[in-house]
Enquirer: 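Handing you this structure, nothing more for now.
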Protein chains: 2
Amino acid sequence: MLTNMSTSLHHRAIEHLGTRIVGGSLPTGHVMLAEQLEDELKVSRSVVREAVRVLQSLGLVETTKRVGIRVLPPHRWNPFDPQVIRWRLASDGRGAQLRSLAELRSAVEPVAAELAAVNAPDDLRRELLEVSLAMRDAGQAGDVPRFLELDIQFHSLLLSGSGNEMFANLVGQVAETLTGRTVHGLMPDRPRDVVLQWHLDVAKAIFTGDAAEAREASSMIMRQTISEMEPVWMEQPRVFVPVPRR
Amino acid sequence: MLTNMSTSLHHRAIEHLGTRIVGGSLPTGHVMLAEQLEDELKVSRSVVREAVRVLQSLGLVETTKRVGIRVLPPHRWNPFDPQVIRWRLASDGRGAQLRSLAELRSAVEPVAAELAAVNAPDDLRRELLEVSLAMRDAGQAGDVPRFLELDIQFHSLLLSGSGNEMFANLVGQVAETLTGRTVHGLMPDRPRDVVLQWHLDVAKAIFTGDAAEAREASSMIMRQTISEMEPVWMEQPRVFVPVPRR
DNA sequence: TGACACCGATGTGTGCTGACATCAAAACTC
DNA sequence: GAGTTTTGATGTCAGCACACATCGGTGTCA
């Protein structure tokens with residue numbers, strides 16, 4: 001066996017194929033043979049087979065006897081899988097992916113805020129309040145990296161505090177969205193005062209258990225976020241997936 | 001080899017382990033050995049290894065050298081994976097799963113309606129209108145199975161029409177929620193007239209491009225749905241996942 | 001004598017390989 | 001054109017070499 005290095009062969013194989021499929025260099029309908037992948041990746045059958053099985057479970061490929069490994073169309077991919085999202089963010093589909101995530105956030109966060117106001121444990125409410133205060137300080141001081149860190153912290157706490165496991169699972173994706181925004185230079189040097197105030201409003205409302213106010217303030221943040229990020233995906237066309245007939 | 005039957009060994013192995021882990025009979029921290037699974041499932045190592053790799057990508061287990069295959073805690077499971085959701089719906093966690101899905105719907109659908117009013121292609125708007133009319137007829141006639149079918153159709157069109165691939169991907173889960181509601185006997189024999197009216201309102205608003213009205217009417221439906229389904233998960237405790245520190 | 005650091009044995013996942021089974025597409029026969 | 005055979009790919013199996021985390025024994029030092 002050749003030098004295996006840090007990451008496992010299995011992981012590397014998945015990464016290699018995943019990026020190529022999602023990136024588009026292996027187009028929909030493209031057929032590969034397992035043996036051919038062995039040669040290409042210089043790994044054994046077991047590695048290829050295990051990698052293909054994982055990609056199959058993500059909806060990226062299907063295997064058919066007598067045919068081979070076929071790349072499936074994008075609408076078959078599991079759009080909620082963290083790996084798929086990561087691969088898309090690293091590809092041309094980055095804009096469309098960020099739009100999807102931003103819209104998902106804009107849907108989920110106000111409801112999460114509402115739920116957190118009703119259900120969140122006390123220490124989490126307190127921490128949320130502290131973070132929102134720290135955000136104000138960092139924001140007014142123009143400390144962008146610190147602000148980003150706290151921003152992620154804030155929204156993570158909010159989503160976790162909802163007590164909905166699906167919402168809580170979106171923290172990773174939200175972090176991607178937020179960092180993506182700064183990376184794209186879409187953040188003003190100094191966050192707007194209203195945005196800081198809205199974050200404070202959300203934290204206070206959750207602290208006092210005011211669900212309606214929490215939702216409202218969160219909606220404001222989301223509206224602002226979307227309008228700031230819109231340039232990223234402006235030219236990206238929307239795709240309408242056919243609804244499965246029965 | 002014993003009779004292998006319709007589904008592949010690989011699929012059966014995944015199903016076997018997935019149901020047991022999600023169902024709780026293999027508790028968090030439980031450690032299995034690959035060899036032991038071979039004996040238990042009466043399959044070879046490759047089948048076990050490929051199945052374990054898939055479960056690993058779903059966050060259900062992790063493998064450590066010298067230790068074995070360890071079952072991970074529920075908060076590490078990918079809550080958006082269709083398989084995981086299916087396993088949970090078939091287990092004790094059914095109530096909590098339905099709550100998560102219902103809350104997700106209640107967050108997403110109003111936003112999807114808003115987006116559909118802006119972006120949906122014309123034929124989809126037309127179809128949505130037709131379906132909402134058919135729903136009214138089936139509802140008033142008390143034809144429950146037909147109503148359920150149309151209801152699923154309606155919400156699928158709505159989610160697809162948003163042009164957001166993540167929203168569109170939720171059709172399967174929404175269908176589960178809706179069927180789950182009838183299965184649990186939570187649907188009145190004859191859907192309330194207001195609900196039928198709200199569905200018509202959503203369809204009309206999307207048809208005429210009135211985003212705000214589409215959102216509002218959709219919110220009403222969601223509010224009603226949640227309140228109808230609440231009994232299912234009343235006694236289920238909420239789980240608060242620790243937010244990952246950096 | 002007791003505490004601690006070191007180190008080698010052990011067991012288990014990782015990776016590789018050759019062989020056979022299965023099954024569906026494609027080619028062939030009638 | 002329908003039915004049959006062939007073919008070629010994945011599916012499944014079993015055995016091996018290797019890497020490496022853990023455990024327990026050994027040695028050193030106080």
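Here is the naming used below: chain letters follow the sequence lines, and residue numbers restart at 1 for every chain.
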Enquirer: For residues 176-187 of chain B, pull every pair meeting salt bridge (charged side-chain N to carboxylate O under 4.0 Å, His left out), keeping only residues two or more places apart or in separate chains.
Expert: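 Those involving residues 176-187 of chain B are Asp151(B)-Arg181(B), Arg181(B)-Glu228(B).
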
Enquirer: Return yes when atom CD of Glu35(B) has more than 12 non-hydrogen atoms of other residues, nucleotides or ligands closer than 6.0 Å, and no otherwise.
Expert: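 12 or below, so no.
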
Enquirer: Please state how far atom CG in Leu37(B) lies from atom P in dC13(D), giving the value in whole angstrom units.
Expert: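 In whole Å, dC13(D) P and Leu37(B) CG are 14 Å from each other.
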
Enquirer: Tell me: CZ of Arg70(A) to C1' of dA9(D), nearest whole Å?
Expert: 12 Å

Enquirer: Where do N or O atoms of nucleotides 25-27 of chain C meet protein N or O atoms at under 3.5 Å, pair by pair?
Expert:
none

Enquirer: If only side-chain N and O atoms of Ser44(B) are considered, is one of them under 4.0 Å from the OP1 or OP2 phosphate oxygen of dT12(D)?
Expert: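 No, because none of the side-chain N or O atoms of Ser44(B) sits under 4.0 Å from OP1 or OP2 of dT12(D).
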
Enquirer: Expressed as a whole number of angstroms, how long is the span from Ile14(B):CD1 to dG11(D):P?
Expert: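 The answer, rounded to whole Å, is 12 Å.
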
Enquirer: What's the CD-C1' distance between Glu50(A) and dG15(C), to the nearest Å?
Expert: 9 Å

Enquirer: When the distance from CZ of Arg49(B) to P of dG11(D) is rounded to whole Å, what number comes out?
Expert: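 Rounded to whole Å, this separation is 16 Å.
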
Enquirer: Please name the pair of heavy atoms, one in Ile206(A) and one in Arg125(A), separated by the smallest distance, quoted to 0.1 Å.
Expert: O-NH1, 2.6 Å

Enquirer: With rounding to the nearest 0.5 Å, note down the distance linking CG in Leu17(A) to CE in Met32(A).
Expert: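 Separation between the atoms: 6.0 Å.
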
Enquirer: Under 4.0 Å, heavy atoms only, any strand: does Thr63(A) hit a base, just the sugar-phosphate, or nothing?
Expert: sugar-phosphate

Enquirer: Could you work out, with ring-ring contact (aromatic ring centres under 6.0 Å, His included) as the rule, every residue matching His199(A), not counting sequence neighbours?
Expert: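 Only Phe154(A), His155(A) meet the ring-ring contact (aromatic ring centres under 6.0 Å, His included) criterion with His199(A).
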
Enquirer: Examine dG11(D): is either OP1 or OP2 under 4.0 Å from a nitrogen or oxygen in the side chain of Arg53(A)? Give yes or no.
Expert: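 Yes, within the criterion.
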
Enquirer: Let's see if you can work this out: which of dG13(C), dT10(D), dG15(C) has an atom nearest to the side-chain heavy atoms of Ile69(A)?
Expert: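 So the side chain of Ile69(A) is nearest to dT10(D).
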
Enquirer: Between Gly68(B) and Val43(A), who's closer to the 5' end of DNA chain C by nearest nucleotide?
Expert: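 Taking each residue's closest nucleotide, the earlier one in sequence belongs to Gly68(B).
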
Enquirer: For Leu9(B) and dT22(C), what is the distance between atoms CG and P respectively, to the nearest whole Å?
Expert: 11 Å

Enquirer: Whole-Å distance between dT14(C) P and His11(A) NE2?
Expert: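 Atom-to-atom, His11(A) to dT14(C), this comes out as 14 Å.
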
Enquirer: Check whether the side chains of Glu15(B) and Trp87(B) place a donor and an acceptor atom closer than 3.5 Å, and report yes or no.
Expert: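 The criterion, which ignores hydrogens and geometry beyond distance, is satisfied for Trp87(B) and Glu15(B).
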
Enquirer: Out of Arg238(B), Gln97(B), Arg99(B), Arg88(B), which one pairs with Glu165(A) under the side-chain hydrogen bond (donor to acceptor under 3.5 Å, both in side chains) rule?
Expert: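 For Glu165(A), the side-chain hydrogen bond (donor to acceptor under 3.5 Å, both in side chains) check succeeds only for Arg88(B).
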
Enquirer: Roughly how many Å is it from CZ in Arg45(A) to P in dG15(D), rounded to a whole number?
Expert: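 So the CZ-P distance, Arg45(A) to dG15(D), works out to 16 Å.
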
